[in-house]
Peer 1: 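Take a look at the following structure, please.
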There are 2 protein chains.
Amino acid sequence: MTKTVTLLNKLEQRRTAQRVLLLNVIRENKGHLDAVQLYEQARQQQSVLSLSTVYRNLKLFKELGLIKEHQFGNTHRCYESKGQSHHHLVCLGCGKILEFRCQSTEKLKSQISSNRGFKVIDAEVRLTGYCPECQNRLIHGQKNSEENKERG
Amino acid sequence: MTKTVTLLNKLEQRRTAQRVLLLNVIRENKGHLDAVQLYEQARQQQSVLSLSTVYRNLKLFKELGLIKEHQFGNTHRCYESKGQSHHHLVCLGCGKILEFRCQSTEKLKSQISSNRGFKVIDAEVRLTGYCPECQNRLIHGQKNSEENKERG
DNA sequence: ATGACTGCAAACTGTTTGCAGTTAA
DNA sequence: TTAACTGCAAACAGTTTGCAGTCAT
């Protein structure tokens, strides 16, 4: 994987300690982080960092195409490093986000491109429903778990 | 199409003037409305209505499964009546939302269901990129149109 | 040296909530 | 009659912004 530092140099952005730190945390973390989670994880490694810097740099990274932004059911947005393309299963019961891959979107991209003249940059498939655990819980008549609902 | 009034009765919800009005506006409107747009359109027909009522009822309609909620690039959410299943093309240039249909998601649903044990309630495919007009504008070196960017 | 970047606090936006009055059933 | 519903204003959460100081180049 390209070094974060190199990445920032190439993109002609200043290589500040905060940017290197933030990008590293995002890239090391496999899942989805929201701004506050990223802030907290980053602060554990280096305490000089403010939440506005996190927001400002998330915006920058997004514009540079280094990360992807998502908004699932929740109010807040979350971010992930752009790695291998994958899609999401969003559980309505517990808010958990699962990932899956599928090849068929490539075909779809080219279809849309030729039929509609729309230049597709990115494709996301999102399935909402219930994960196995929540199905189980619902069958056995227990109350919905709200545990992971906000920070999934 | 089922009458809004009948719909509310069936669902054992009170048939208030505000609810009937809001549901009608949503159902008559083909595209996507955010809360404020819905509020404004509804007020044109009947001036006794507050924004909190709009939010409260959007939440209700969503829980009853009468409408679908989306969050595209923007900060605000938008809503549409549940009609024939369709997916979205989101233009990064002007924020415009285009729709398309595709059959392949049904197959995907059952695949995920059998492979992962995830009970799929809904599937959405979202392609982001550039609409024909924006591609044109970009080729001819003009600046990005921000016109529709917020209220698309 | 200097313009990009940062932390801080204050502002802003979309949404939710408490309350007292109103209305559908 | 009364619990569900409403409008209003105030609260809230997530995000953005203005400013003065700092730091990468």
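Keep in mind it's a predicted model, so treat the numbers as computed, not measured. In what follows, chains carry the letters A, B, and so on, assigned in the order in which the sequence lines appear, proteins first and then strands, with residues in each chain numbered from 1.
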Peer 1: Report the distance from atom CG of L60(A) to atom P of dT15(D), rounded to the nearest whole Å.
Peer 2: 17 Å
Peer 1: Locate the shortest heavy-atom distance separating H87(A) from C102(A); write the atom from each residue and the value.
Peer 2: CD2-SG, 4.0 Å
Peer 1: Between the side chains of E80(A) and H86(A), does any donor sit under 3.5 Å from an acceptor?
Peer 2: yes
Peer 1: Could you tell me how far apart L49(A) (CG) and dT6(C) (P) are, to the nearest whole angstrom?
Peer 2: 9 Å
Peer 1: For the pair F72(A) and H32(A), name the ring-plane relationship: parallel under 30°, tilted 30 to 60°, perpendicular over 60°.
Peer 2: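 Ring orientation of F72(A) relative to H32(A): perpendicular.
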Peer 1: Does dT6(D) have OP1 or OP2 under 4.0 Å away from a side-chain N or O of T16(B)?
Peer 2: yes
Peer 1: Separation of Q71(B) atom CD from dT15(C) atom C1', in whole Å?
Peer 2: 11 Å
Peer 1: Is there a side-chain contact between R19(A) and the phosphate of dC5(C), meaning an N or O under 4.0 Å from OP1 or OP2?
Peer 2: yes
Peer 1: Rounded to the Å, how far apart are L38(A) CG and dG14(D) C1'?
Peer 2: 15 Å
Peer 1: Closest-nucleotide mapping onto DNA chain C: is A35(B) or A17(B) further toward the 5' terminus? I mean the 5' end.
Peer 2: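 On the 5' side of the pair lies A35(B).
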Peer 1: Should E124(B) and K68(B) count as an ion pair when the cut-off is N to O under 4.0 Å?
Peer 2: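 The answer is no: the pair does not qualify as a salt bridge.
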Peer 1: For nucleotides 16-21 of chain C, tabulate all protein N/O to nucleotide N/O atom pairs closer than 3.5 Å, reporting atom names and distance.
Peer 2:
| residue | atom | partner | partner atom | Å |
| --- | --- | --- | --- | --- |
| dG18(C) | O6 | R56(B) | NH1 | 3.4 |

Peer 1: Could you give me the CA-CA distance, side-chain angles and deciding distance for E40(A) and R43(A), then say whether salt bridge (charged side-chain N to carboxylate O under 4.0 Å, His left out) is met?
Peer 2: CA-CA 5 Å; E40(A) 283 166 357; R43(A) 290 268 297 211; over 6 Å; no
Peer 1: Would you indicate which nucleotide in dG14(D), dC5(C), dC8(D) comes nearest to any side-chain atom of S50(B)?
Peer 2: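 Between dG14(D), dC5(C), dC8(D), the one nearest the side chain of S50(B) would be dC8(D).
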Peer 1: Atom CG of L23(A) and atom C1' of dC5(C): how far apart are they, to the nearest Å?
Peer 2: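 Roughly 15 Å, once rounded to whole Å.
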Peer 1: Report the residues that fulfil salt bridge (charged side-chain N to carboxylate O under 4.0 Å, His left out) with E69(B), sequence neighbours left out, ordered by chain and then residue number.
Peer 2: K62(B), R77(B)
Peer 1: Check whether any side-chain N or O of Q13(B) sits under 4.0 Å from OP1 or OP2 of dC5(D), and answer yes or no.
Peer 2: yes
Peer 1: In whole angstrom, give the distance that lies between atom CZ of F61(B) and atom C1' of dC5(D).
Peer 2: 12 Å
Peer 1: Check whether any side-chain heavy atom of Y79(A) lies under 4.5 Å from a side-chain heavy atom of V54(A), and answer yes or no.
Peer 2: no
Peer 1: CZ of R15(B) versus C1' of dT23(C): gap in Å, rounded?
Peer 2: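 Rounded to the whole Å, the gap is 12 Å.
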Peer 1: Given atom CZ of R14(A) and atom P of dT22(D), what is their separation to the nearest angstrom?
Peer 2: 16 Å
Peer 1: May I ask you to evaluate whether N57(B) reaches the phosphate of dT6(D), defined as a side-chain N or O under 4.0 Å from OP1 or OP2?
Peer 2: yes
